[in-house]
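Let me begin by presenting the structure, written as structure tokens, before commenting on it.
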2 protein chains.
Amino acid sequence: MSERRPRKDALRNRAAVFTAADALFADCQSPDSVTMADIAVAAGVGKATLFRAFGDRTGLIRALYAARLEPVRTAVEQGPPPLGPDAEPLVRVPALLDAVLCLKLDNRHLALALEQTGSDSPYGAEYYAWCHTLLRTLLERIPGLPESDFTAHALLAATRADLVEHLAGEQGLPRDEMRARLAGFTARILGAEGTQGHQDTQESS
Amino acid sequence: MSERRPRKDALRNRAAVFTAADALFADCQSPDSVTMADIAVAAGVGKATLFRAFGDRTGLIRALYAARLEPVRTAVEQGPPPLGPDAEPLVRVPALLDAVLCLKLDNRHLALALEQTGSDSPYGAEYYAWCHTLLRTLLERIPGLPESDFTAHALLAATRADLVEHLAGEQGLPRDEMRARLAGFTARILGAEGTQGHQDTQESS
DNA sequence: TGCGAACCGGACCAACGGTCCGTATCGTCG
DNA sequence: CGACGATACGGACCGTTGGTCCGGTTCGCA
């Protein structure tokens with residue numbers, strides 16, 4: 001029962017908003033310099049349409065980010081190693097973190113917007129829960145690695161959007177440099193030496 | 001030349017605002033549920049006085065946090081080991097991180113407010129620069145630990161206010177439990193086993 | 001005691017997220 | 001094919017918040 005198909009124009013408008021917002025976030029100084037009104041204008045719709053389609057600002061940003069995250073998600077859930085489920089934890093963990101980092105590097109403003117969206121901490125978002133759970137599960141399968149829950153949080157904290165922005169954006173740290181640093185850090189946590197080698201798990205943009 | 005002493009009432013009001021704001025942040029649900037107007041009323045002054053004394057909301061929060069940080073700062077800069085300058089890096093690093101964590105645990109709302117203050121990322125704040133520089137310097141003195149700059153960032157990221165809030169606040173992780181987790185994480189990074197032992201570097205409140 | 005500078009404070013402003021409601025469009029049924 | 005109800009549109013509107021302005025008051029020095 002219920003669950004009527006939404007009207008055609010509703011879908012069209014939703015898509016228009018989506019595209020416009022994506023573009024606006026892509027080239028802007030600060031994520032909160034792009035307002036809901038801006039997006040509405042750019043999409044050629046009324047402001048109420050935004051809110052009807054996405055609930056609120058947070059919802060819109062989450063939706064945008066979810067779209068960007070989706071390829072990573074499928075790559076992780078059903079792709080080939082090192083990201084896919086067939087990879088050993090010791091290689092999959094770095095691959096996952098690298099993928100997350102790359103995603104944020106490629107969508108800096110969006111990630112920034114997502115993580116600093118006012119009072120809602122990132123830790124309530126669905127995407128974080130997914131990431132954290134997966135990472136934790138992987139860490140649990142690595143012998144001699146206690147407190148996988150906290151470790152997962154701490155590792156993910158090293159990819160926080162504003163840190164990425166600070167290093168890659170303001171401080172000009174090159175992309176691959178940053179990936180290498182994170183990989184090194186991860187390797188240290190994973191307990192061994194020489195676990196570092198990996199590359200190109202993600203798009204480049 | 002110049003630099004006239006500020007007037008007496010100016011100082012008095014500044015102090016009043018300081019106290020009131022501190023109290024308001026201490027017991028509130030969300031840090032941004034305490035508005036500048038609230039603070040002004042609580043302090044019994046006009047709103048403009050707030051802005052005259054602290055510039056803007058960020059300035060006020062920074063000032064409040066700086067006051068809380070100050071004891072830690074002196075303990076680090078001229079106190080006894082393990083926090084003070086005479087301690088070996090291998091014990092001083094965990095001590096420093098533990099002190100930072102304790103500070104955030106004891107001033108959750110304030111730390112939260114500080115780190116999510118709209119567009120200004122924490123990485124621009126003076127307190128962070130201080131912390132990061134010190135930590136980096138210490139890490140550099142530990143043999144076999146490369147990329148101390150990134151490592152310092154990553155370790156500090158594990159003490160991010162919203163993570164602390166998520167774990168200690170929403171998830172009910174006990175204080176000492178959390179300290180132990182962070183200590184364990186740090187120890188892993190520092191490269192050895194058995195470097196964990198330490199306690200009570202900080203107030204309890 | 002008088003005078004200028006410094007400061008006070010609340011009315012005021014602009015901007016933003018979010019809502020309301022009259023109107024236009026869709027799509028379905030006779 | 002025409003008409004009618006449901007659905008979505010959109011821009012005017014609202015409340016809140018950070019931040020400013022300016023007439024009046026207080027301070028502190030001579």
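The chains referred to below are lettered A, B, ... by the order of the sequence lines, with proteins before strands, and numbering in each begins at 1. Excluded from the calculations below are hydrogen atoms, water molecules and symmetry mates; all remaining heavy atoms, backbone and side chain alike, are included.
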What pairs with D56(A) under salt bridge (Lys or Arg N to Asp or Glu O under 4.0 Å), at least two apart in sequence or on another chain? none
Which residue pairs pass the salt bridge (Lys or Arg N to Asp or Glu O under 4.0 Å) test when at least one of the two sits in residues 122-142 of chain B, sequence neighbours left out? R73(B)-E126(B), R136(B)-E140(B), R136(B)-D149(B)
In numerical order, the residues of residues 52-66 of chain A whose heavy atoms come under 4.0 Å of DNA chain D are R52(A)
Mind checking what makes salt bridge (Lys or Arg N to Asp or Glu O under 4.0 Å) contact with R52(A), not counting sequence neighbours? none
The criterion is side-chain contact (heavy atoms from CB on, under 4.5 Å); which residues satisfy it with D22(B), sequence neighbours excluded? L64(B), R68(B), L110(B)
Residues forming a side chain to side chain donor-acceptor pair (under 3.5 Å) with T35(B), sequence neighbours excluded: D38(B)
Which part of the nucleic acid, if any, lies within reach of A48(B) when heavy atoms closer than 4.0 Å are counted: base, sugar-phosphate only, or nothing? base
Do any N or O atoms of the protein come closer than 3.5 Å to N or O atoms of nucleotides 22-25 of chain C, and which pairs are they?
from	atom 1	to	atom 2	distance (Å)
dT25(C)	O2	R7(A)	NH1	3.2
dT25(C)	O2	R7(A)	NH2	3.3

Could you tell me the separation between the CG atom of L11(B) and the P atom of dA6(C), rounded to a whole number of Å? 15 Å
Give me each pair satisfying salt bridge (Lys or Arg N to Asp or Glu O under 4.0 Å) with a member in residues 159-173 of chain B, each pair once, sequence neighbours excluded. R160(A)-D162(B), D162(A)-R160(B), R108(B)-E165(B), E115(B)-R160(B)
Has the side chain of K8(A) got a donor or acceptor atom sitting under 3.5 Å from an opposite partner on the base of dG27(C)? no
Under the side-chain contact (heavy atoms from CB on, under 4.5 Å) test, which residues partner D32(B), sequence neighbours left out? S119(A), S30(B), R57(B), Q116(B)
Rounded to the Å, how far apart are F51(A) CZ and dG11(D) C1'? 13 Å
Of the listed nucleotides (dG9(C), dA12(D), dC12(C)), which one gets closest to any side-chain atom of K47(A)? dA12(D)
Using the salt bridge (Lys or Arg N to Asp or Glu O under 4.0 Å) rule, collect all pairs that involve residues 78-96 of chain B, keeping only residues at least two apart or in two chains. none
Are H153(A) and Y128(A) an aromatic pair, judged by ring center distance below 6.0 Å? yes
Counterpart residues, ring-ring contact (aromatic ring centres under 6.0 Å, His included), relative to F150(A) (two or more places apart): none
Report yes or no: does T117(B) contribute a side-chain atom to a donor-acceptor pair with the main-chain N or O of L114(B) at less than 3.5 Å? no
Within residues 13-41 of chain A, find the residues that approach DNA chain C with a heavy atom at under 4.0 Å, and present them sorted by residue number. T35(A), M36(A)
